[in-house]
There are 2 protein chains.
Amino acid sequence: MRLINSAPMGSPSTAALRPLERSRIYEDVGERLAEFVGEARMAPGDQFPTERELAHKLHVSRTSVRQSFVVLQALGFVDVRHGEGMFLRRTRGFGESLTKLLERRRRLPDVLDAREALEVKLAELAAGHRGDDDIKSMKAALAQMEAEINAGGLGIEGDAAFHHSIALAGRNEILLHLIDAMAEVIQESRVESLSEPGRPPRSLEAHRRILAAIESGSTQLAAEEMRLHLRVVADVSLLRWQPEPSDDVDTRA
Amino acid sequence: MRLINSAPMGSPSTAALRPLERSRIYEDVGERLAEFVGEARMAPGDQFPTERELAHKLHVSRTSVRQSFVVLQALGFVDVRHGEGMFLRRTRGFGESLTKLLERRRRLPDVLDAREALEVKLAELAAGHRGDDDIKSMKAALAQMEAEINAGGLGIEGDAAFHHSIALAGRNEILLHLIDAMAEVIQESRVESLSEPGRPPRSLEAHRRILAAIESGSTQLAAEEMRLHLRVVADVSLLRWQPEPSDDVDTRA
DNA sequence: ATAGGTCCAGTGGTCCAACCATTGACAACG
DNA sequence: CGTTGTCAATGGTTGGACCACTGGACCTAT
């Protein structure tokens, strides 16, 4: 009797026997709904079919349909009104959450550009508001970073704390929320950048210049210093990055 | 027999008889979970109690608990692993979706700053990539705006189309997603701004300058023109804006 | 005729109880 | 000692029941 795939681990890539992945039903329903919105040419304000009808048509339980809509509502794509029905709010990017976007398609350049857009503005705002507490926490973060580096570390914790304290100092809940949502991917690029030989001290120096600019109250200078810093970080990160073989086709025009 | 509130409509504001609003259970559960994360000092990676246990403790059905977690997962705050349990991913801003944030706390300055952060960068990126199709759709949008204005309108449609075509030309899905998520509130500020006497023609002119900058390929100039344009828009919008009486206290530090 | 009230069918909101699918740990086996 | 089987715990899904809200149809008194 011939044994198939007797090798204990790391056997050659048997394409057919790759692990099959099961998605959750409410995700599938979400995709179908996205299709439906397109096919039915739904416009904002239009009403969806009933929960019961959708459940029947899609051969799933009403619970699953509801789960889909609960998510869609949280993402702001639909309005659910008790006793009335469910209505479309906006069409573009239907069903696509930022989180899923960041997980699925990790184009590093996009992440770095988005980060720059947000953080440069936050530094500018921070320079405009700059409270004593804000400055204090920034200095504390820099001290922490310096200590980490002197101890032979990369200063990752301090780096993260510094950028976060600036984000807080910006006093803009929307931008803060966006930066927080991207925290994970940003953290990855941070580690990469600081792993480059000689980077941590230079990064610390750049941080000092940013802090000085913020403390001086010059919004323009603060923005410029932050931009400069992030461009350097981006360059280093991009060195190691190479686009994945396109696993799917970009359907956008 | 004395009738209370016999006035047919628009009776004086009886504070106690304001319409009471009922929240959905899964939203309440979400808030409790946020509390719990704080009280229990949960850190990323920590495991939540079982669905069944939470349902029992909170005196709600397991279904409601699940709906909460479905949302939390979509927003990227928790990881739900079949057969294992539910785990915390990130702490900051727990349970707060951008949509809810934009609905609840409509601080116009925040919106305008966030818009500037995103659109300035998008204009810069657009100038870097600039494909023929992109330029073409921008020109079409400007033509539409001009036609609207000549017809006595405000050019709102054309304005929106112009900014959107730039966002598309930026070739950055993350920034595009963020702008789309803010589309509604941005649209409101757009209407306000263009309603100001004499605004539409001036806005059209600013758009032409932006387009020229993008077409020239100068990323820096494109960014600067967009920033200038948005600052003017912001000034106009802010004229009519006044902060609402603070209906709740900011709990953040 | 019409203003007002009542009733009711349709819709989303919640709950429950059962069962399926996956995981990890542990015991049993060779 | 490693392999295999078993099992309990956990999330995933279902169907059905009932509640709460909305809007319109219908009725009624003026």
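Proteins come first, then strands; the chains are lettered A, B, ... in the order of their sequence lines, and each starts at number 1. Basis for what follows: all heavy atoms, side chains included, without hydrogens, waters or symmetry-related copies.
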5'-most by nearest nucleotide on DNA chain C - Arg52(A) or His59(B): Arg52(A)
Answer yes or no: is there an ion pair linking Glu116(A) with Lys121(B), defined by an N-O contact shorter than 4.0 Å? yes
So Arg24(A), base contact, sugar-phosphate only, or nothing? Heavy-atom distance under 4.0 Å. sugar-phosphate
Looking across every strand, which nucleic acid part, if any, lies under 4.0 Å from Thr63(B) by heavy atom: base, sugar-phosphate, or nothing? base
How would you give the extent of chain B contacts on DNA chain C, as first and last nucleotide 5' to 3' within a 4.0 Å heavy-atom cut-off? dG13(C) to dG24(C)
Are any of the side-chain nitrogens in Glu31(B) or Arg24(B) under 4.0 Å away from the carboxylate oxygens of its partner? no
Considering every strand and a 4.0 Å limit on heavy-atom distances, what is the contact class for Arg66(B): base, sugar-phosphate, or nothing? base
Toward the 5' end of DNA chain C, which comes first, Thr50(A) or Glu84(B), by nearest nucleotide? Thr50(A)
For Phe87(A) and dT22(D), give me the distance from atom CZ to atom P, rounded to whole Å. 12 Å
Leu54(A) CG to dT14(D) P, in whole Å, measures 14 Å
Calculate the interatomic distance between Tyr26(A) atom OH and dG12(D) atom C1'; express it in whole Å. 10 Å
Rounded to the nearest Å, what distance is computed from the CZ atom of residue Arg62(A) to the P atom of nucleotide dG15(D)? 13 Å
Please report, rounded to the nearest Å, how far the P atom of dG12(D) is from the CD atom of Gln67(B). 13 Å
What nucleic acid atoms does Arg22(A) come within less than 4.0 Å of, heavy atoms only: base, sugar-phosphate, or nothing? sugar-phosphate
If we ignore hydrogens and angles and just use 3.5 Å, is the side chain of Ser195(B) paired with the main-chain N or O of Val191(B) as donor and acceptor? yes
Could you give the side-chain donor-acceptor pairs of residues 43-52 of chain A under 3.5 Å, partners two or more places apart or in another chain?
residue  : atom : partner  : partner atom : Å
Asp46(A) : OD2  : Ala43(A) : N            : 2.8
Gln47(A) : NE2  : Glu84(A) : O            : 3.2
Glu51(A) : OE1  : Arg62(A) : NE           : 2.9
Glu51(A) : OE1  : Arg62(A) : NH2          : 3.0
Glu51(A) : OE1  : Arg66(A) : NE           : 3.3
Glu51(A) : OE2  : Arg66(A) : NE           : 2.8

Nearest-Å distance for atom pair CD/C1', residues Glu21(A) and dG12(D): 17 Å
In this structure, how many angstroms lie between the P atom of dG23(D) and the CZ atom of Arg81(A), rounded? 9 Å
Between Glu96(B) and Arg104(B), does at least one N-O distance fall below 4.0 Å, as a salt bridge requires? yes
Would you say Ser64(A) places a side-chain N or O within less than 4.0 Å of OP1 or OP2 belonging to dT14(D)? yes
I'd like to know if the side chain of His59(A) and the backbone of Lys57(A) have a donor-acceptor N/O pair within less than 3.5 Å. yes
Roughly how many Å is it from CG in Asp79(B) to C1' in dG11(D), rounded to a whole number? 13 Å
If the threshold is 4.0 Å, N to carboxylate O, is there a salt bridge linking Arg90(B) and Glu184(A)? no
